[in-house]
Structure formats: C-alpha cells, structure tokens
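This chain uses plain numbering: 1 for the first residue, then up along the sequence.
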Amino acid sequence: MLEKIDLKRTEFWGATVLYAFALILLLIDVSNSNMVPVWTPYRQFFWENHLHYSYSKNYFFPQVARLTGYYGAFLLWNFVTIPCMLVRRRMIWGILLIPLLLGALWLLLTVTDTWLRRYLFEIKTADYAHNLMIKQSLVTAVWALIALAGYTFAKRIIANVLTRIAQLLPQYSAVAQNVFLALVVWGAVGVGIVIFRTVTMPILQGMGIVLFSILLYGLSFTILIEDALKKGVWGYLLRIAGICVGVGLLLFVVAGTGWRQREAMWVTVTANGFFQVFICAPLYWLIYQRNLTMRRQLTSLQTALGSSSANLDFLRSQINPHFLFNALNTLYGTALQESAERTGEGIQRLGDMMRFMLRENTQDKILLAREIEYLQNYVALQTLRIQSSPDITISQHIEEDLNGLYIAPMLLIPFVENAFKHGISLRKPSQVVISLQIREGTLYFDVRNTVHEKQDHDIEADKNGIGLENVRLRLQLLYPQKHELVVRQTTLEFFVHVTVQLTEKV
C-alpha cells in the first residue's frame, strides 16, 4: 500500500513550496524595509555600535544563500545520500557524501555569518569573530544533519507502522496512506522550521494543533465515526470534545509539573479544542459520509455489473450444444435398439429440462425440489448414454425431505455437468458420486468424479461447463457470507464440496 505512494514527488514539491514560501516572505520584507525598518536578528547590535546596517547586504542575500543551501542539502540528503546508503554497492558513496554535505553547509554558514554578524569585526578582533562564527556554524550544520536524519528515521518508522496496520486491516489502507503523507509533510515543515531557526511559541503551538488534527483524522476514520454512526454527528462531536478535554488535562499536568507554562498551555488547549470540535470534526464527518455514499454506490454498481456478467455467461452456457447432440444421438440409438419405452423416457426428461430452463431458470429463487428434479433428469439422460459401459459407476445419495427450501436456479447442476464432462471415459473405469443433505436449513452438496487425461483432439479439453469461477462468482453475489465452496483435485479424483444456507421463503 504505502510503497505505492509517489513519496519522492511529494517530498520534492513539499520542500520546494516551503523554500519558495520562505523566499516570498523575505521579498515581502524587502518591500517593507523601504518604508519602515524590518526586524532582523542582528539589526539591534549594528545600531547599538553605531554601524551602518543594510537590509539587503546584511540580511536578505545571506538568508537567501542559507535557504538555498538548506534546500539543496535536503534534496541531496533525501534523494541521493539516503538512497545510496540503502544499496549495498553504493553504501560507501552515501557515507562519503555525509562529511561532504556537512563541510559544504559549514562553509556556507560561516561565509553568510560574516555578513549577518559583521558588527563583530568592529567590536572584537577578526580572529575572535572568525573563531566564533566557525564554531557556531559547525554546530548549526551538525544540527541540520541531525534534523534531516531524524526526519528520515521518523518517516521510516511511521511507514512501517502504518504498513503493518494496512496489512492487518486492509479496509483502512487509504486512511493509513493519508495519515502517512500528512505526517511526512508535517515532519518536513518541522525540519524546515528547525533548520531555518524560526522556532517560536506560536509556531510550536500551531505545529502541535496540526499534529493533533492528523492523529484525530486517523482515529476518526478507523474507530470514532464508525462507532458513532448510529448516534449521529452529535455523538461523534461529543467524543471529539471528550478526547480534547482529556488531552488538555494531561497537558496541564505536564505544564504544571515540568514546564511551568500554564498560560501558553491554556491558550493551546483552548484553541485546539475549538479548532478540532468546530472545524476538523465536522469536516471529517462530511468527508466520511461522502466516502461512505460513494463506496455504497460503487459496491452496488460492482454487484450489478458482476451479476449481469455472471448471468450473461450463465445464460450463454445453458443450452449446451455438445450435451444436446449427445442426448439426441443417445435417443436415436436407443430407438433403433429397442422399443419406444426408453426413448420416450429420454424425450420426456429432456422436455422437462428444457421447460425448466425456459420457465423457472429466469426466477431469482426456486424450490430446491425443482432444482434437484432438474439435476436428476440430467443424471438420468447421462445414464442412458453410458449404461452400456460396465466400468462406469453413477451413484446418488439425495435427501428427499427438503422442507420447502428455496435456492437460486441452476446453482448445483454446473458441478454435476462438470463431473460427467470431465470424469466419464468410455474406455477407462469411471465414477461419479453425488451427495446432497439438508441439516437445519443448510445444504451440503458433494460431487466426486474420476480424473482422465484429455486427448489432443478433444475440443472440450480446455472447457469446464460454465466454469467453476463463474459458479464461485454467483455464490459470492447470491449468498455472501452464507456459503462455502471447496474444490480439490488429485491425480485420480476431482472433488467439490458446497455448503449453502438456504431460505424457506422466496
């Protein structure tokens, strides 16, 4: 599931958008700097030491260079270094790229720092300024690589966890995919914030609320909404509110015992509660209902299409020319050999079968007794054809007490037709065994026949009646979760076991 996501493209465009957004903010500051002084991290130190400060030279161009360096470092790390390290033959190249990337970032940060903090050369010695910039730039470059490594590590852990969830619960694979992509984007933005050194309390609060929204999305689409469908949207909103209150209380405990940031935590919890309950939760509910409607429509269309296809194939197979010609030839041969009694019996049974196919076969459900009557007529006609062969054995064990049960027409005959077509040989010993029992409204139907190698000239060698796959599809459509079909074959025998839960009314 997750391996099918085009993650590289998502990461590339996410990083590109973040890079472009940062450049746009800098350009906006350039336009504003002509009217009012724009705050920058080191402007105050220039003014305190009575030094000339140029926004373009001492901030804009150095920051553009740094942003470009960080953007390039992310691309090099994510799309070159890590892929090389994952391939054994190229692992050495990946390892060598790490110090090269570190050195390039270190050099870039050192050079840009000489412009950002040029005031140090005026108030300190050049050696002191250079040493300070070199040390701090090295620390920043190392932290940048640590952030990139943490992003890669977290991405792989999340991917593995969600892949396991999707494997255990395939119905939630789409939710796991969306959560994974959202967490990847969230992580990329977080790495960018750390690298760009723009971490502030409002940004941390916003990132926390967004992370909570992502997790709430996954929880809603897997558990909360399904459990609250009967109670409606208000039941779902109450659960979301309860979760927000519970998490808020936990954060207050943490803030009170460790961070001592009660005011900031109060703002975060309140904003998060309103955002989740009044914006995210209703949006998730609407999306889920829309997806549920689309799934139902798709299921209905698939069922209708599958039923139409199965019925079309089924109707095409009803009048089997091969069987009809054999039956007519058998009747003709019998008429020449003896009196018309057997011929009349054969014609009568064939007529009953044709009437069944023309009248009752078009109904959704018929009496099980009528289905068995058709099956017995078919077996009787086949017996007429093969009764002159002493090595062929046909046995039936069919229960007569059917209790007015109903079944879909022509559901059992394909297995019997298959047994006679592929299990009877006029030259070799053959056997067909048919068993039908009813237990507490459940039909147990078994067909067993011998297996013979098909001759090269046999035009039916690659045919299998209407096909077991077609019967399997009909069972799935007509008796979902109410049937069992077992097919086994050995070198000497072919066996089919069918279990169907029947109804007493149409």
Side-chain angles (χ1 to χ4, degrees), residues 11-34 36-47 49 51-82 96-124 126-152 187-200 203:
E11 290 179 305
F12 171 78
W13 285 111
T16 302
V17 169
L18 184 62
Y19 171 64
F21 182 71
L23 291 180
I24 291 173
L25 291 179
L26 288 176
L27 290 173
I28 293 175
D29 287 341
V30 169
S31 61
N32 293 334
S33 64
N34 296 327
V36 293
V38 178
W39 179 90
T40 61
Y42 305 111
R43 179 189 289 270
Q44 180 180 356
F45 298 107
F46 280 83
W47 287 352
N49 293 279
L51 299 173
H52 174 70
Y53 183 82
S54 173
Y55 178 83
S56 299
K57 292 181 180 180
N58 298 117
Y59 187 75
F60 177 76
F61 288 115
Q63 282 296 94
V64 170
R66 285 194 168 196
L67 291 175
T68 305
Y70 290 140
Y71 175 66
F74 176 81
L75 297 183
L76 184 63
W77 174 271
N78 205 56
F79 302 122
V80 179
T81 304
I82 296 301
L96 292 177
L97 284 174
I98 295 177
L100 292 176
L101 181 58
L102 177 63
L105 274 178
W106 186 14
L107 178 61
L108 174 66
L109 295 174
T110 302
V111 172
T112 55
D113 218 18
T114 60
W115 291 93
L116 290 169
R117 298 196 292 175
R118 190 171 60 84
Y119 64 91
L120 287 175
F121 292 95
E122 302 295 335
I123 63 177
K124 301 288 184 180
D127 290 340
Y128 175 85
H130 278 124
N131 290 333
L132 181 62
M133 293 175 184
I134 290 173
K135 291 178 182 179
Q136 292 184 350
S137 297
L138 177 60
V139 173
T140 304
V142 171
W143 273 111
L145 289 187
I146 292 175
L148 291 173
Y151 166 76
T152 302
V189 173
V191 170
I193 291 174
V194 172
I195 291 178
F196 299 158
R197 304 181 72 176
T198 56
V199 180
T200 61
I203 290 179

Q: Supply the atom-to-atom distance L76 CG to I98 CD1, rounded to the nearest 0.5 angstrom.
A: 10.5 Å
Q: Name all pairs fulfilling the salt bridge (Lys or Arg N to Asp or Glu O under 4.0 Å) condition that reach into residues 51-65, sequence neighbours left out, sorted by first residue then second.
A: none
Q | Separation of L101 CG from L105 CG (nearest 0.5 Å) | A | 5.0 Å
Q) Heavy atoms, side chains only, cut-off 4.5 Å: are T152 and L148 in contact? A) no
Q.
Using the ring-ring contact (aromatic ring centres under 6.0 Å, His included) criterion, which residues pair with F45? Sequence neighbours excluded.
A. Y119
Q | Distance (rounded to the nearest 0.5 Å) between L120 CG and T114 OG1 | A | 10.5 Å
Q: Might you point out which heavy atoms bring Y42 and F46 nearest each other, and give the distance in Å?
A: O-CD1, 3.1 Å
**Q.** ring-ring contact (aromatic ring centres under 6.0 Å, His included) partners of F121, counting only residues at least two apart
**A.** H130
**Q.** Sequence-distant partners of T68, side chain to side chain donor-acceptor pair (under 3.5 Å), two or more places apart
**A.** Y19
Q.
Run the side-chain contact (heavy atoms from CB on, under 4.5 Å) test against A65 and tell me which residues pass, sequence neighbours left out.
A. L108, T112
Q. At their closest point, which heavy atom of P62 faces which heavy atom of S56, and how far apart are they?
A. CD-O, 3.8 Å
Q. Under the side chain to side chain donor-acceptor pair (under 3.5 Å) test, which residues partner N78, sequence neighbours left out?
A. E11, K155
Q: Please list, chain by chain and in numerical order, all residues satisfying side-chain contact (heavy atoms from CB on, under 4.5 Å) with L107, sequence neighbours excluded.
A: V111
(Q) Using the side-chain contact (heavy atoms from CB on, under 4.5 Å) criterion, which residues pair with E122? Sequence neighbours excluded. (A) L51, R118
**Q.** Side-chain heavy-atom pair F12, F79 within 4.5 angstrom cut-off
**A.** yes
Q) Do L132 and R117 come within less than 4.5 Å of each other through their side chains, counting heavy atoms only? A) yes
Q. Atom CD of Q44 and atom CG of N49: how far apart are they, to the nearest 0.5 Å?
A. 10.5 Å
Q. Residues in side-chain contact (heavy atoms from CB on, under 4.5 Å) with S137, at least two apart?
A. W106, L109, T110, D113
Q) Does the side chain to side chain contact (heavy atoms under 4.5 Å, CB included) test come out yes or no for Y151 and F74, once each step is laid out? A) CA-CA 10 Å; Y151 166 76; F74 176 81; 3.9 Å; yes
(Q) Tell me every residue that passes side chain to side chain donor-acceptor pair (under 3.5 Å) with S54, counting only those two or more places apart in sequence or in another chain. (A) none
(Q) Test your reading of the model: is there a side-chain donor-acceptor pair from N58 to the backbone of L116, 3.5 Å cut-off? (A) no
Q. Rounded to the nearest 0.5 Å, how far apart are CG of L145 and CG of L102?
A. 5.0 Å
